[in-house]
Amino acid sequence: QRPAAGMSCYSEMNFGWCEYNQANPSEPPNCPDYTFSIAGFQRKLEAHYNSNVRPPLMEAFFLVRLADDYKKMLVESDCPTPLVFAHFL
């Protein structure tokens with residue numbers, strides 16, 4: 001029997017920032033909101049390492065490329081594990 005493992009995080013986290021058009025700075029900024037499923041990332045990581053399926057590279061890339069403020073927020077909210085595993089990939 002396998003021991004239970006998990007990330008001590010919220011199942012989903014919301015991120016948002018504004019991106020300005022560099023070609024036309026007078027254009028209004030694009031301010032999308034992103035919802036990242038940490039539970040989904042964990043399931044994909046487990047499947048990758050235990051069942052030899054493709055690694056969750058897109059999700060890992062999203063986490064690795066987050067702004068430093070968001071990375072700090074993850075660490076301060078006792079949720080550094082997704083960042084660590086994203087860097088392992």
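For reference, positions follow the sequence shown, starting with 1.
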Asker: Counting C-beta onward and ignoring hydrogens, is there a side-chain heavy-atom pair between Lys44 and Val53 closer than 4.5 Å?
Answerer: no
Asker: According to a hydrophobic-cluster definition based on side-chain heavy atoms being under 4.5 Å apart (Ile, Leu, Val, Met, Phe, Trp, Tyr only), do Phe61 and Leu66 belong together?
Answerer: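 Not linked; separate clusters.
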Asker: So which pairs with a foot in residues 64-75 pass side-chain hydrogen bond (donor to acceptor under 3.5 Å, both in side chains), sequence neighbours left out?
Answerer: none
Asker: According to the side-chain hydrogen bond (donor to acceptor under 3.5 Å, both in side chains) rule, which pairs have a member within residues 22-36, sequence neighbours left out?
Answerer: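 For residues 22-36: Asn14-Thr35, Asn21-Glu27, Asn24-Ser26.
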Asker: Out of curiosity, does Tyr49 fall in the hydrophobic cluster containing Met58 (side-chain heavy atoms, cut-off under 4.5 Å, transitive links)?
Answerer: no
Asker: In chain order, what residues pass the side chain to side chain contact (heavy atoms under 4.5 Å, CB included) check against Ala86, with sequence neighbours excluded?
Answerer: Phe41, Ala60, Leu63, Val64
Asker: Which atoms form the tightest heavy-atom contact between Glu12 and Ser37, and what is the distance?
Answerer: CG-CA, 4.1 Å
Asker: For Pro29, what residues pass the side chain to side chain contact (heavy atoms under 4.5 Å, CB included) criterion, not counting sequence neighbours?
Answerer: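 Applying side chain to side chain contact (heavy atoms under 4.5 Å, CB included) to Pro29 gives Cys18, Tyr20, Cys31.
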Asker: Please name the pair of heavy atoms, one in Pro56 and one in His48, separated by the smallest distance, quoted to 0.1 Å.
Answerer: CD-CB, 4.4 Å
Asker: Looking at OG1 of Thr81 and CD1 of Ile38, how far apart are the two atoms once the value is rounded to the nearest 0.5 Å?
Answerer: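 It comes to 9.0 Å.
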Asker: If you measure from CZ on Phe62 to CD on Glu59, what distance do you get to the nearest 0.5 Å?
Answerer: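 If we round to the nearest 0.5 Å, Phe62:CZ and Glu59:CD are 10.0 Å apart.
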